[in-house]
Amino acid sequence: MSQLEQSPIERDIMEYDVVVVGAGPAGLSFAIRLKQLSPETSVCVIEKGATVGAHILSGAVIEPGPLDALLPGWRDAPPPICVPATEDEFWMLSKTGHRKLPLPPGMHNHGNFIVSLSALCAWLAPQAEALGVEIFPGFAAAETLHDDSGKVIGVRIGDMGIAKDGSHKPGFTAGIDIHAKVTVLGEGARGSLTKKLVKRFALDANSDPQTYSIGIKELWQLPAGRVTPGKIVHTFGWPADNRTYGGSFLYHLDKDRVAIGYVSGLDYHDPDYKPWEAFQQWKAHPLIAPLLEGGNIVSAGARAIVTGGWQSLPKVEMPGALLIGDSAGLLNVPKVKGTHQAIRSGMLAAEHLAATQLVADGFDAKLRASDAMAELKKVRNIKPGFKKGLWFGLANAAWETATGGLSPWTLKQSADYSSLDRLGTAEPAHDYVQRTLAPRDRLQGVFFASTSHDEDQPIHLKVTDTNICATKCVEEFGNPCTRFCPAAVYEMVEDASQPHGKRLQINAANCVHCKTCDIKDPYEIINWTTPEGGSGPNYQNL
């Protein structure tokens, strides 16, 4: 019996008016706006990353309007990476060729800025602190707290110093309980607490299942003179097949740097599809490889992207708590942007709480009546259209754009875990070409994420029935977790002691917290939970 089971843990309690889970653009914008409107309100922000920005990754091109409203003078002292957009290109790729296409309306970026979202959040944090917000990086909110009626009354910080076997190590520290009148969830896509609360309060009872993509990104330092600061390039087509939603971004920064990435829709069908390898294939394309040749990777990582849009929006209020940003699911897929929506929703939540004396009720209706939701409604049918294939998706996108989203129908969506074809029924696997650019395998990619976990802690990736992995999953899907994880966390290894000669090995120390496993596992038996606070990637300028 572990020490945790032998005796209850005494926990310190801290009390605030509002606790925010997640120091992303939504959470920090909420905290700033609430303190602007109500300086006497006590606000704390909990962030599981070792520093603010350590777990933040996005393209990212931002529309500056909401940031202008939040911090009117921000352009006088902008974040460290902030490059005005200068030109846009949109390409369709074949395996060896490319064709330039007219720019979709949502991708016109005149007036926008290319930023590092991790650096933007690190820049926002001290501005929040200057207003009196208390920010605690390195502390993971492991569970929500509830009163006898079920109302959310705060969060519990995860314990530190627990060994893999559940015993307490010499440096054990019990996580504190943070009590608050309102808890604001700004965890980003597929947040672990948000997932539980959506189920507990049936927040998705009147919405479609949420859907996701996985975005994999690298920051490159290139030879002098090769970069055109402010140039924005998007592609679609190869290496994704016509049934797989996939596309790339290539953003030219300053100081001879480019940010590149590849996005794969997690509603893909082929159980052999490998999102990380698809990204590496894209880098080998004749349009891309000459730009990168001779350059060096500075930083890399991956994250889930919430793509369900208007029809997948859950109810965003519950007793004692609110959802904002990607926790709510506000990213605009056709625009390839979500930061402006995150800031908008954070500000709207702050204004709502300031006006209601910290009463959460009514925020759902306010968000649904806002510009943030009007924007999503116009494009609600574009991403779902691609579930019927590339060419239908393009034709549907053209129609929805031409009509301004006034179609009398709304396309339905299904959960990503349900989309995989069985082995032998899928179209042939992708024909991968030889790679010449680093990194050449996923472990090298993990190195550039600077991810770090104490290996002597309980595994934070909970698989409820590993017997399925060695039996049913092998036969039906060939263990897709070994392919969809971008960090080589999951391995099926030979083990003569097991009835079927194999067992699942979880390399939890590799985890970059992208949550893909929690989303795409076809049996829904993988649950991503928070490791010790401060664990995980340490992204630099991603």
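Since the structure is predicted, the reported quantities are computational estimates derived from the model, not experimental observations. Along the sequence shown, residues carry numbers from 1.
Checked by atom type and distance alone, the side chain of Glu218 never pairs as donor or acceptor with a backbone atom of Ile260 at under 3.5 Å. Judged purely by atom type and a 3.5 angstrom limit, Asn510 uses its side chain to pair as donor or acceptor with the backbone of Ala488. A donor-acceptor pair under 3.5 Å links the side-chain atoms of Gln457 to the main chain of Glu532, judged by distance alone. Under a 3.5 Å cut-off, the side chain of Ser248 and the backbone N or O of Tyr262 do not form any donor-acceptor pair. Judged by distance alone, with hydrogens and angles left aside, the side-chain atoms of Asn507 form no donor-acceptor pair with the main-chain N or O of Ala509 at under 3.5 Å. In this structure, the side chain of Ser38 does not engage the main chain of Lys35 through any donor-acceptor pair within 3.5 Å.
Between Gln540 and Val298 there is no side-chain heavy-atom pair separated by less than 4.5 Å. For the pair Tyr245/Val333, a side-chain contact is recorded, criterion being any heavy-atom separation below 4.5 Å from C-beta on. Between Trp276 and Thr516, every side-chain heavy-atom pair lies at or beyond the 4.5 Å cut-off. Leu222 has its side chain within reach of Val258: a pair of non-hydrogen atoms, C-beta onward, lies under 4.5 Å apart. Residues His513 and Lys48 meet the side-chain proximity criterion, which asks for heavy atoms closer than 4.5 Å. Counting heavy atoms from C-beta outward, Pro126 and Trp123 have side chains that stay 4.5 Å or more apart. Side-chain contact between Met14 and Ile157 is absent, with no heavy-atom pair separated by less than 4.5 Å. You'll find the side chain of Ser535 stays beyond 4.5 Å of the side chain of His460, heavy atoms only.
If you take NE2 on His110 and OG1 on Thr86, they are separated by 11.0 Å, rounding to the nearest 0.5 Å. Distance CG/Leu193 to CZ/Arg200: 12.0 Å, rounded to 0.5 Å. Going from atom CG of Leu124 over to atom CG of Leu71 covers 6.5 Å, rounded to the nearest 0.5 Å. Summarising the geometry, atom NZ belonging to Lys335 is positioned 9.5 Å from atom CG belonging to Leu376; distances are rounded to the nearest 0.5 Å. The line from CG of Asp12 to CG of Asp177 is 9.0 Å long, rounded to the nearest 0.5 Å.
By the neighbour-count criterion of 12 heavy atoms within 6.0 Å, atom NZ of Lys195 is densely surrounded, having more than that number from other residues, nucleotides or ligands. Counting heavy-atom neighbours within 6.0 Å of Glu40 CD, excluding the residue itself, gives a total above 12. Residue Lys255 qualifies as open at atom NZ: its count of foreign heavy atoms under 6.0 Å is 12 or below. Atom NZ of Lys377 has 12 or fewer heavy atoms from other residues, nucleotides or ligands within 6.0 Å.
Taking the six-membered ring where tryptophan is involved, the planes of Phe139 and Phe136 are perpendicular, since the angle between them exceeds 60° and thus also 30°.
The closest side-chain donor-acceptor pair between Thr211 and Thr307 falls under 3.5 angstrom. Lys337 and Asn109 form a side-chain donor-acceptor contact under 3.5 Å, judged by distance and modelled atom types alone. Ser312 and Gln413 share a donor-acceptor pair across their side chains, judged by distance under 3.5 Å alone.
With salt bridges taken as basic N to acidic carboxylate O contacts below 4.0 Å, none links Asp456 and Lys164. Salt bridge present: Asp326 and Arg303 bring a charged side-chain N and a carboxylate O closer than 4.0 Å.
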**Report entry** salt bridge (charged side-chain N to carboxylate O under 4.0 Å, His left out) between Asp454 and Lys169, intermediate numbers included
**Finding:** CA-CA 12 Å; Asp454 180 354; Lys169 294 187 282 190; 2.7 Å; yes
Query raised in the report: salt bridge (charged side-chain N to carboxylate O under 4.0 Å, His left out) between Arg11 and Asp159: does it pass, once the steps are laid out?
Result: CA-CA 10 Å; Arg11 301 182 184 276; Asp159 299 332; 2.8 Å; yes
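Minimum heavy-atom separation, Arg344 to Ala372: NH1-CA, 3.5 Å.
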